[in-house]
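Below: one structure, written as structure tokens.
Reckoned from all heavy atoms, side chains included, excluding hydrogens, waters and symmetry mates. Order of appearance sets the numbers: ligands from 1, and atoms from 1 within every ligand.
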Amino acid sequence: MRQKLVAGNWKMHGSQQMVKHLLEKMLSQQAPSAKLLVFPPYPYLSQAIQLLAKSEIGIGAQDCSQADEGAYTGEVSAKMLADLGVSHVLLGHSERRQYHAETDALVLEKAKRVLAADLIPVVCVGETLAQREAGETNKVVLQQLTPLIEKLTLAQLQKVVVAYEPVWAIGTGLTATPEQAQEVHAFLRSVVAKVDKELAAKMLFLYGGSMKPDNAASLLKMPDIDGGLIGGASLDADQFLAIGKAAE
Ligand code: 13P
């Protein structure tokens with residue numbers, strides 16, 4: 001059985017006050033049996049690590065550099081994130097792909113750094129509306145996943161989490177139906193199964209895109225949906241925990 005993982009991507013939202021309020025509220029409520037994870041912006045990672053020190057809630061960063069260290073002004077390395085105490089790093093989010101021209105090759109380089117730092121990469125894949133309407137969904141997600149499958153070792157792949165986030169569902173209020181999401185998740189798992197069946201059975205595939213308390217249960221009960229990557233609703237402790245409970 002794969003334990004469900006419900007992760008909150010806060011994107012570029014928050015302040016020290018908001019982080020304190022949100023995390024303290026989460027801590028004051030009963031934790032769901034699903035594993036919870038939050039991805040605060042870089043400046044608030046330390047604060048979140050301190051506030052969550054005694055809890056089971058994991059902490060991840062939203063991105064990292066493809067370089068190890070050196071003259072890369074403005075960048076943050078996977079090694080620094082490991083030093084700080086985060087456990088996960090989000091990679092290849094569609095907003096990074098869209099606004100920072102991140103390619104699949106770059107995402108692979110970053111994934112290697114994350115793994116070398118002994119952290120878990122959460123790699124996002126997903127098609128745009130035009131690609132879905134053109135019937136290219138599987139082709140697109142396959143293209144995004146392939147470099148990882150081809151270039152990482154089996155031992156490295158065992159640590160990778162994949163998040164399917166259809167671009168048209170992110171922040172739009174449009175959600176993939178449970179059947180649509182399940183179809184892509186099953187396809188992604190079948191691609192991994194061609195490399196290694198046992199790996200495919202263990203790998204976590206999260207769904208992201210307008211997941212809210214009222215649609216979470218129907219998505220999370222699908223056989224190949226192992227959790228959620230939540231944007232907007234993760235900024236509200238009640239909503240985020242309700243999604244965590246829906247995963248039980
Ligand atoms: P929303 O839940 O706001 O649609 O965001 C999804 C997302 O991009 C999480 O990474």
Side-chain angles (χ1 to χ4, degrees), residues 4-14 18-19 22 26 32 34-42 44-45 48 57-64 81 86-100 102 107 110-111 114 119-129 131-132 137 140-141 144-145 160-178 180-181 184-185 188 204-220 222 225-247:
K4 298 267 197 226
L5 173 62
V6 173
N9 174 11
W10 297 357
K11 309 193 179 184
M12 201 170 73
H13 293 289
M18 174 275 211
V19 172
L22 176 56
M26 277 169 62
K35 164 94 183 147
L36 298 181
L37 179 64
V38 291
F39 290 98
Y42 290 133
Y44 306 122
L45 284 171
I57 303 171
I59 298 159
Q62 295 175 17
D63 186 34
C64 74
L81 295 169
V86 314
S87 55
H88 292 65
V89 182
L90 203 55
L91 295 176
H93 192 281
S94 68
E95 288 149 18
R96 301 287 321 166
R97 295 178 189 266
Q98 185 182 350
Y99 304 130
H100 302 273
E102 292 204 358
V107 172
K110 291 185 176 194
V114 170
L119 302 176
I120 298 170
V122 180
V123 180
C124 303
V125 300
E127 81 289 4
T128 62
L129 187 58
Q131 289 165 333
R132 172 161 283 267
T137 300
V140 171
V141 296
Q144 292 167 331
L145 188 65
V160 173
V161 175
V162 174
Y164 169 56
E165 296 209 312
V167 179
W168 50 272
I170 296 176
T172 56
L174 293 173
T175 318
T177 63
Q180 283 174 325
V184 180
H185 283 230
L188 289 168
L204 296 183
F205 292 93
L206 313 182
Y207 168 80
S210 299
M211 196 187 269
K212 309 280 177 206
D214 61 356
N215 60 28
S218 59
L219 285 156
L220 293 167
M222 301 310 276
I225 302 185
D226 306 314
L229 183 55
I230 326 298
S234 72
L235 298 169
D236 180 298
D238 292 329
Q239 287 195 38
F240 187 56
L241 289 173
I243 295 172
K245 295 217 163 71

Give me the nearest non-hydrogen protein atom to [atom] as residue plus atom name, then the distance to 0.1 Å.
| atom | answer |
| --- | --- |
| atom 2 (O) of ligand 1 | Gly231 N, 2.9 Å |
| atom 7 (C) of ligand 1 | Glu165 OE2, 3.1 Å |
| atom 3 (O) of ligand 1 | Gly232 N, 2.8 Å |

Are any side-chain N or O atoms of [X] and backbone N or O atoms of [Y], one a donor and one an acceptor, separated by less than 3.5 Å?
| X | Y | value |
| --- | --- | --- |
| Asp226 | Phe205 | yes |
| Gln239 | Asp236 | no |
| Tyr207 | Pro166 | no |
| Lys212 | Ile243 | no |
| Lys245 | Pro32 | no |
| Arg97 | Cys124 | yes |
| Lys4 | Leu220 | yes |

Exercise. Answer yes or no: does an N/O atom from Thr172 fall short of 3.5 Å to an N/O atom of ligand 1?
Key: no
Exercise. Kindly confirm or rule out an N or O of Lys11 lying under 3.5 angstrom from an N or O of ligand 1.
Key: yes
Report yes or no: does a heavy atom of [X] sit under 4.0 Å from some atom of ligand 1?
| X | answer |
| --- | --- |
| Ala169 | yes |
| Ser210 | yes |
| Lys212 | no |

Practice problem: For salt bridge (Lys or Arg N to Asp or Glu O under 4.0 Å), just list the numbers for Glu102 and Arg96, CA-CA rounded to whole Å, side-chain angles, deciding distance to a tenth of an Å, and then say yes or no. | Solution: CA-CA 6 Å; Glu102 292 204 358; Arg96 301 287 321 166; 3.0 Å; yes
Practice problem: Give the atoms of ligand 1, by number and element, whose distance to some non-hydrogen atom of Gly209 is under 4.0 Å. | Solution: 4 (O), 6 (C)
Quiz item: Just which atoms of ligand 1 are under 4.0 Å from any heavy atom in Gly171?
Solution: 1 (P), 3 (O), 4 (O)
Practice problem: Would you mind telling me if ligand 1 is within reach of the side chain of Asn9, the backbone, both or neither, using heavy atoms under 4.0 Å? | Solution: side chain
